[in-house]
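What's counted below: heavy atoms across the whole structure, side chains too, no hydrogens, waters or symmetry copies. Keep in mind it's a predicted model, so treat the numbers as computed, not measured. Throughout, protein chains are lettered first and strands after them, A, B, ... in sequence-line order, and every chain is numbered starting at 1.
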Number of protein chains: 2
Amino acid sequence: MRRSDSDNSAAPADAASTREKLLEAAARLFLERGYAATGVSAVLAEAGVRSGSMYYFFKSKDDLLVGVLDRYLELLRPVLIEPVEAATADPIDRVFTLLAFYRHFLVSTNCRLGCPIGNLALEISDTHEEARQKVVQNFENWCAVVAGWLVDAGERLPASCDRGALSRYVLTVMEGGQMQAKAQKRIEPYDASIAGLRDHFNRLEAEARAEKERNG
Amino acid sequence: MRRSDSDNSAAPADAASTREKLLEAAARLFLERGYAATGVSAVLAEAGVRSGSMYYFFKSKDDLLVGVLDRYLELLRPVLIEPVEAATADPIDRVFTLLAFYRHFLVSTNCRLGCPIGNLALEISDTHEEARQKVVQNFENWCAVVAGWLVDAGERLPASCDRGALSRYVLTVMEGGQMQAKAQKRIEPYDASIAGLRDHFNRLEAEARAEKERNG
DNA sequence: AATCATATTGGTTGATCGTTCAACAAATAT
DNA sequence: ATATTTGTTGAACGATCAACCAATATGATT
């Protein structure tokens, strides 16, 4: 019988597991209830961990938040980007497959939960500097991936089109759309936002085609 | 000497003033720190009011939040819409003047504070149903005004362009842009988002012109 | 002058907040 | 075997939380 199976003794071998359980519980509760509204005791109960253990791994609740945001940084590629790239080859389609993943998550929670980063961004940017920087890093990594796809799109977008700026615009539309979906508890505002972005992309692609025709 | 001047006696004549001071203080603190992170005692201190008075006008902290959101409903036209319409006559320009007003507010707070409704939308939509409905009403009123302007734009936008849907897209871009500006503490992400929207509008207007030319 | 509705006061409640710590247990190194 | 490192326990801390209420004051009505 392995140590991790129904063994509630004080076993240092479960160390990594305890830390992970705390991060997972905290991530879920911060997303569902928000950071300030989530008590440490709720995280402890959800994780099945006693308070002393938490303060062994994290020096404060704020530090736990930073840990959660670090975890999101680690999860971006394996959980989000790689599945998107596996599902879709076309670089522009990849952008909208990514947005469809967020849609799926919204729908699967009845639009109660949106983008974890976006939610925390608005709640803690003023007051928690270290966490704010992690939020920015999350946004930057996300945009870097999308910008890479847009670069891959090459001449299918106008030459004058700044791919980095466009990637940040994609983030803007995703976050704005999920905010409205969450507020209304309906997916339609998100879908409408993505449809608006799709229309914009269609026009950019049309211009790129016209550009190409002109230049031979 | 009027009653309201440095008179801290228990004077019912100051009733409206007390209620207003509470709403003003609460609105400011909820925006600066978030709803859950703001203690009732902080609101009381900011407003210069004792706890009993607050619970005379509001039956709970949640009720105070609803009051704040009702106040935003009342303030939308006099504080935001009417100044925009006074400053700008062209219906499409009005949209971007409105967005410039949000920009000014962002800049004037070093991008620490963004859209009050958007911030509350993400924090309380899951957990406070009544407040959530007020958030939705705020969004709907905002969009109704913008949609009106877009209708006023008439043939300058394509006939097929759904003005209601486009107004919600404008909201999406504003909220997504302010979120990134707040996270990064820089106005550039907001400006870039609005520039992206401006580009989209330019293309819509170009199509409308082409449409008009075709049809005579 | 008496009455009444309106508003304010401020101390107090029990619950929960984030955090600490001395004692202890298990694995590893010596 | 012993010592050391790594983790765990759970009670307890002071602070703050949202909320309550009996006493009191004011202005308007009669």
Take the protein atom OH of Tyr55(A) and the nucleotide atom P of dC17(C), then report the distance between them rounded to whole Å.
11 Å
Report the distance from atom CG of Leu64(B) to atom C1' of dA19(D), rounded to the nearest whole Å.
13 Å
Aromatic ring proximity Tyr102(A)/Tyr190(A), centre distance under 6.0 Å:
no
If we ignore hydrogens and angles and just use 3.5 Å, is the side chain of Ser125(B) paired with the main-chain N or O of Leu122(B) as donor and acceptor?
no
Asp63(B) CG to dA18(D) P: how many Å, rounded?
14 Å
For the base of dG18(C), is there a side-chain donor-acceptor partner from Ser60(A) under 3.5 Å away?
no
One thing to verify: whether Asp90(A) and Arg94(A) come together as a salt bridge, which I'm taking to mean a side-chain N less than 4.0 angstrom from a carboxylate O.
no
Rounded distance (Å) that lies between atom C1' of dG7(D) and atom CZ of Phe58(A)
14 Å
Between P on dG7(D) and CG on Leu22(A), what's the gap in Å once rounded to a whole number?
13 Å
Quick note, salt bridge (charged side-chain N to carboxylate O under 4.0 Å, His left out) partners involving residues 166-185 of chain A, not counting sequence neighbours, are Lys185(A)-Glu129(B)
Distance check needed: dT8(D) C1' versus Lys21(A) NZ, whole Å only.
11 Å
Atom-to-atom span, CZ of Phe57(A) to C1' of dT20(C) - whole angstrom
17 Å
Could you check Thr127(A), Asn119(A), Asp62(A) and say which one makes a side chain to side chain donor-acceptor pair (under 3.5 Å) with Tyr35(A)?
Asp62(A)
Just by modelled atom types, is the Leu29(B) backbone N or O under 3.5 Å from a matching donor or acceptor in the Thr38(B) side chain?
yes
Please determine whether a side-chain nitrogen of the Lys or Arg among Arg33(B) and Asp126(A) lies less than 4.0 Å from a carboxylate oxygen of the Asp or Glu.
no
Counting just side-chain N and O atoms, does Arg50(A) come under 4.0 Å of either OP1 or OP2 of dG10(D)?
yes
Can you tell me if Tyr56(A) touches the phosphate of dT8(D), counting only side-chain N or O atoms and a distance under 4.0 Å to OP1 or OP2?
no
Sub-4.0 Å heavy-atom contacts from residues 24-47 of chain A onto DNA chain C, ordered by number:
Thr38(A), Gly39(A), Val40(A), Ser41(A)
Compare side-chain N and O positions of Ser51(B) against OP1 and OP2 of dC20(D) and report whether any pair is under 4.0 Å apart.
no
Rounded off to whole Å, could you give me the CE-to-P distance for the Met54(A) and dT6(D) pair?
20 Å
